[in-house]
Protein chains: 2
Amino acid sequence: MNIGSAAKKSGISERMIRHYEKIGLIPAPLRRDSGYRDYSDADVQRLNFIANARDLGFTMQEIGELLDLWGDEHRASAQVKSLALAKAEELGRKAKALSTMRSSLLHLAENCHGDDRPGCPIIDVMAGQD
Amino acid sequence: MNIGSAAKKSGISERMIRHYEKIGLIPAPLRRDSGYRDYSDADVQRLNFIANARDLGFTMQEIGELLDLWGDEHRASAQVKSLALAKAEELGRKAKALSTMRSSLLHLAENCHGDDRPGCPIIDVMAGQD
DNA sequence: ATGAACCCTGACATCATGTCAGGGTCAAGC
DNA sequence: GCTTGACCCTGACATGATGTCAGGGTTCAT
C-alpha cells in the first residue's frame, strides 16, 4: 500500500513515517517502479507499535529499544518490564512536579483579589518581591 | 555589569540572555565602547522574573504577556489571575495525563512476569495484540 | 606585556513535527 | 488518448529552548 494509506492506518503522518525511515526506526520499504514506497501489513504493525509506545509516554530513543526487544524472539521480558517501570517512575516524577507547580499557582491566585486594583501576589512572587 | 555576572545572578545562561534580547523579551542593554553589554540591577530583576515564571511552568509566550502586565502600572490583577488560573488548569490536565500513562504502564508491568520467558503483555499491548 | 578570563557574533545541532516548493505518477472520466 | 485531481517524491526551511564551537576582540592582574 502507499504511504498515505499506511499513515491513515497507523495514525502516523506521512512526514513522520519518512522521518522514522531516515533515522532507522523502521526499515526502508520496497519501492515500486514509480519510486513510491510500498508498505506491507507488517510495516503498518510496526508503525502502530510506535504510535502506541508514544502514547504511553516513551521517547523515540526508548521506542527504538522496545522495537529491538519486540523483534527479539529470545528477549527476556525482564528487560521490557524494567524499561516500563523506569518509565512509570519518571512519569510519576513529572506528574508530581506539574502538580506542585499547579498548587503554587493556585495558592498565589487565591491571594490575588482579581479586580482592577494593581497589586498582585502572583506578579510579586515572580518579580522576587516576596 | 557584564553578561556573565547577570547570568550568574539570574540563573539564566549567557546564551539565553542574548536570545531573549534578540526575540525582544528583554530590552537591549547599553553597550560599552568595547561592545560589551552592560546590565543594570533592573535588567537582572527582569531576568529573575523570567526565571521564576519559567519555574512556574509558563511558556515563553506567556512570560512575555506577564512581563507586559508587570510593566503596566495600571494593569488589572484580574488579567494576571486569569492567566495563572488557566495555566494551573493546563498543568492539572498534563499532570493527570502523565498519571494515567503511569498507571497504564504499572498495570501492564504487573502482568509481566519479568523473568527470561519471552511473553510480555507490555510488548503485546504496544504491538496491538491485545 | 603577556596570559587567563571574559566578551562578541554567527553558525550548526538537537527533537519531533509542520509546511512549502517543484516536479513526477496514477486512476477515473471524458 | 488526454485531462484533471489526488497522490507521491525529495529537499529545504521553520518551530522553541538550549547547547556548543569557532574565530576574534577586551580587560585585568601579575
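Below, chains carry the letters A, B, ... as their sequence lines are ordered, and counting in each starts from 1.
Summarising the geometry of Pro29(B) relative to Asp43(B), their closest heavy-atom pair is CB-OD2, 4.4 Å, with the distance given to 0.1 Å. Here the closest heavy-atom approach between residue Leu98(A) and residue Lys94(B) is recorded as CD1-CB, 3.5 Å. The shortest non-hydrogen separation linking Cys112(B) to Ile122(B) is CB-CD1, 4.2 Å.
The 5' end of DNA chain C is approached more closely, in terms of each residue's nearest nucleotide, by Ser34(B) than by the other of Arg54(A) and Ser34(B). Comparing Tyr20(B) and Ser5(A) along DNA chain D, the residue whose closest nucleotide (by nearest heavy atom) sits nearer the 5' end is Ser5(A). Mapping Thr59(A) and Arg32(A) onto DNA chain C by nearest heavy atom places Thr59(A) at the nucleotide closer to the 5' end. Of the two residues near DNA chain D, Arg31(A) and Met60(B), the one whose nearest nucleotide lies more 5' is Arg31(A).
Taking side-chain N and O atoms only, Ser13(A) has a distance below 4.0 Å to OP1 or OP2 of dG18(C).
Looking only at side-chain heavy atoms (C-beta outward), Met126(B) and Ile50(A) stay at 4.5 Å or farther from each other.
Think of the region where chain B sits on DNA chain D: with heavy atoms and a 4.0 Å cut, that region ends 5' and 3' at dA17(D) to dT27(D).
Nucleic acid contact class of Arg37(B) (heavy atoms, under 4.0 Å, all strands): sugar-phosphate only.
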Nucleotide N/O to protein N/O under 3.5 Å, stretch nucleotides 1-6 of chain C:
from   : atom 1 : to       : atom 2 : distance (Å)
dC6(C) : O2     : Tyr36(B) : OH     : 3.2

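Evaluation of the side-chain hydrogen bond (donor to acceptor under 3.5 Å, both in side chains) rule for Asn52(A) yields no partner, not counting sequence neighbours.
Of the possible donor and acceptor atoms, none in the side chain of Ser82(A) sits under 3.5 Å from a partner among the backbone N and O of Ala78(A). Using a distance-only test at 3.5 Å, with no hydrogens or angles considered, no donor-acceptor pair links the side chain of Ser5(B) to the main chain of Met1(B). Proximity of a side-chain donor or acceptor of Arg46(B) to a complementary backbone N or O of Pro27(B) within less than 3.5 Å is not detected. Proximity of a side-chain donor or acceptor of Glu62(B) to a complementary backbone N or O of Thr59(B) within less than 3.5 Å is detected.
The CG atom of Asp33(A) sits 17 Å away from the P atom of dG24(C) (whole-angstrom rounding). Between the NE2 atom of His19(B) and the P atom of dT14(C) there is a distance of 18 Å, rounded to whole Å.
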